[in-house]
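Reviewing the structure listed below.
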Amino acid sequence: MSEESSADGFFTNYLAWRSEMLGIGLENTYRSLREMGLVKSQRDFCRFLSRGPGYLKEFRRAGRDMVKVSAVTVETLQSRLCAIKARVPAQIAVELDDILEDIERACRVADVIGRGR
């Protein structure tokens, strides 16, 4: 394996690793987006994530709040919020920045907890 392809693999793995968060973080993000009026219901939020209608409900079941959310789902969430942020007034963009920072924080928490297991 060449040094260059090894480095590419490292960065790909690093980015995927950074994108994981826990179910509790997804729940908190849902609440924030609902308070802002960007989603109306859990089902609406699941559509926003390109997931099935019961996706969030699975994380709400007893003991599932500490399960990791897939990197694809987190990346979809982040990219859609960034796309919305580019099209809204500055005041709303600031609120979306706060939510995006919360998502990053949730990813760091998931990493710390994952290292302890």
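Position 1 is the first residue of the sequence, and the numbers go up from there.
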Tell me, please, which residues at least two apart from [X] pass side chain to side chain contact (heavy atoms under 4.5 Å, CB included).
{"X": "S41", "result": "R43, D44"}
{"X": "D97", "result": "K85, L100"}
{"X": "R61", "result": "E58, R64"}

What is the minimum heavy-atom distance between [X] and [Y], and which atoms define it?
{"X": "V88", "Y": "A93", "result": "CG2-N, 3.7 Å"}
{"X": "M66", "Y": "L22", "result": "O-CD2, 3.2 Å"}
{"X": "C46", "Y": "P53", "result": "SG-O, 3.6 Å"}
{"X": "Q42", "Y": "Y30", "result": "N-OH, 3.4 Å"}

Side-chain contact, heavy-atom cut-off 4.5 Å: [X] with [Y]?
{"X": "L77", "Y": "F48", "answer": "yes"}
{"X": "T29", "Y": "D102", "answer": "no"}
{"X": "I24", "Y": "V109", "answer": "no"}
{"X": "L33", "Y": "L81", "answer": "yes"}
{"X": "E20", "Y": "V69", "answer": "no"}

> Going hydrophobic residue to hydrophobic residue with side-chain gaps under 4.5 angstrom, can you get from V94 over to L96?
Replying inline: no
> Same hydrophobic cluster for F45 and V67, using side-chain heavy-atom links shorter than 4.5 Å among ILVMFWY?
Replying inline: yes
Spacing of [atom1] belonging to [X] relative to [atom2] belonging to [Y], to within rounding of 0.5 Å:
{"X": "R105", "Y": "M21", "atom1": "CZ", "atom2": "CE", "answer": "11.0 Å"}
{"X": "R80", "Y": "I84", "atom1": "CZ", "atom2": "CD1", "answer": "9.0 Å"}
{"X": "Q78", "Y": "C107", "atom1": "CD", "atom2": "SG", "answer": "5.5 Å"}

>> Whether R108 and D111 form a salt bridge (side-chain N of Lys/Arg under 4.0 Å from carboxylate O of Asp/Glu) is what I want to check.
In response: no
> Any Lys/Arg nitrogen of R31 or E35 sitting under 4.0 Å from an Asp/Glu carboxylate oxygen of the other?
Replying inline: no
> In terms of ring plane angle, is the pair F59 and Y55 parallel, tilted or perpendicular, where the classes change at 30° and 60°?
Replying inline: perpendicular
